[in-house]
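The figures that follow rest on heavy atoms only: side chains count, while hydrogens, waters and symmetry mates do not.
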Amino acid sequence: MRRLKGKVAVITGGNQGIGKGIAKLFAQEGARLALCARNAAKLSATADELRTSGAEVFASPVDVSEEEAVEKFFKDLMARFGRVDILVNNAGNFDGAPIDQLTLAAWNNVIGACLTGTFLCSRAAFRIMKGQGCGRILNIGSISAQRPREGSAPYTSAKFGLWGLTNAIALDGRPHGILCSCLHPGNVRVEWRSDPRVAINQEPMMETETVAQAALAMVTVPPDVNFLEAIVLPREQTYLGRG
């Protein structure tokens, strides 16, 4: 039995990495997909790949930090599908430096993609789900929300903020049957981590499929249950006291 049959799942940053992994698994489970990402070429390639495997996909290049672009995306996907059952806020960016060397542009770039984008997409989805009387929002956080690395002030701040936003949305959603939760992955083997010369790429990694399985578990619990938070990471990855 396909656990997402008939559901419409919106996945931001759905063109690669974790987002693509979630999109593939959700499609296998019967979901109709609405994907957005900034890189139009990669998004188109991913959408074509998913369609070839039998998925129904609406895809549009969007910068989730831009309000008008997000509003148009949700308007267009509603014209296509007529509802939103699941929103996965996966879009993000990483930049950083020691705090005394950090530029405002780097800060705004990360906060915009990771936190402002999650707010804008959640607001748009919430309005739709409120009318439906149901829906789930899953935010992709990071263990950096609890165990930061050095030189990561923008990313750490964004992910700490994302956890707070998750709690706020969950409370606002209670009267309307809208649930919000947060999945915190550890190291994941994604495209930009392919260079073995970079120290972090030598650490234990897990596959995107593993994170996708965790995401699926969180959005398929009974509708009266909120799987509020989960941490998934490689068994051997340093977590407590990591640096």
Side-chain angles (χ1 to χ4, degrees), residues 11-22 36-39 42 63-66 88-122 137-169 180-208 210-212 214-215 218 228-243:
I11 304 171
T12 71
N15 62 337
Q16 61 183 344
I18 292 173
K20 182 177 179 179
I22 292 173
C36 70
R38 285 188 292 189
N39 189 310
K42 287 185 177 180
D63 182 340
V64 295
S65 68
E66 296 180 359
V88 179
N89 284 307
N90 170 72
N93 200 358
F94 181 86
D95 200 348
I99 191 69
D100 59 320
Q101 302 170 32
L102 187 64
T103 66
L104 181 59
W107 172 272
N108 287 337
N109 191 23
V110 176
I111 296 296
C114 294
L115 192 54
T116 303
T118 296
F119 156 66
L120 290 173
C121 292
S122 296
I137 297 171
L138 176 61
N139 297 326
I140 305 300
S142 168
I143 59 173
S144 289
Q146 301 174 2
R147 301 289 185 268
R149 292 181 186 269
E150 297 91 338
S152 66
Y155 189 74
T156 295
S157 299
K159 295 304 184 179
F160 265 83
L162 189 65
W163 172 231
L165 181 59
T166 297
N167 283 265
I169 294 171
C180 187
S181 52
C182 193
L183 173 58
H184 298 294
N187 287 344
V188 182
R189 197 183 318 278
V190 293
E191 295 85 347
W192 61 272
R193 281 185 164 163
S194 60
D195 187 348
R197 296 169 297 178
V198 179
I200 190 175
N201 296 338
Q202 300 170 18
E203 296 179 6
M205 295 280 171
M206 60 187 171
E207 304 302 324
T208 56
T210 301
V211 183
M218 296 181 77
L228 180 63
E229 183 183 24
I231 297 171
V232 56
L233 70 165
R235 182 187 64 203
E236 297 180 357
Q237 182 181 358
T238 303
Y239 176 55
L240 292 172
R242 78 186 180 106

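- Distance check, rounded to the nearest 0.5 Å: OG of Ser157 to CG of Leu115 gives 9.5 Å.
- Distance CD/Glu229 to CE/Met218: 8.0 Å, rounded to 0.5 Å.
- If you take CG on Asn109 and CG on Leu104, they are separated by 11.0 Å, rounding to the nearest 0.5 Å.
- Expressed to the nearest 0.5 Å, how far CG of Asn15 lies from NZ of Lys20 amounts to 8.5 Å.
- What you find for Gly21 and Ala212 is that their closest heavy atoms are O-CB, 3.5 Å.
- No hydrogens or angles considered: nothing links the side chains of Asn139 and Thr118 as a donor-acceptor pair under 3.5 Å.
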Item to complete: Quick one: do Phe94 and Ser152 satisfy side-chain contact (heavy atoms from CB on, under 4.5 Å)? Show the steps, please.
Response: CA-CA 8 Å; Phe94 181 86; Ser152 66; 4.1 Å; yes

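- In terms of heavy-atom proximity, Leu102 sits nearest to Trp107 at CD2-CE3, 4.1 Å.
- Taking the side chain as every heavy atom from C-beta outward, Asn89 and Leu162 never approach each other to under 4.5 Å.
- For the pair Val64 and Cys36, the minimum side-chain heavy-atom distance is below 4.5 Å.
- At least one side-chain heavy atom of Gln146 sits less than 4.5 Å from a side-chain heavy atom of Ile231.
- Of all non-hydrogen atoms in Thr12 and Ala91, the two that sit nearest each other are OG1-N, 2.9 Å.
- Of all non-hydrogen atoms in Arg38 and Asn93, the two that sit nearest each other are NH2-ND2, 3.4 Å.
- Taking each heavy atom of Asn187 and Met205 in turn, the nearest pair found is CB-SD, 3.5 Å.
- Interatomic distance, OG1 of Thr208 versus CD of Gln16, reported as 11.0 Å (0.5 Å rounding).
- Minimum heavy-atom separation, Ser142 to Lys159: CB-CG, 3.8 Å.
- Atoms CD and CG, on Glu66 and Leu120 in that order, are 10.0 Å from each other to the nearest 0.5 Å.
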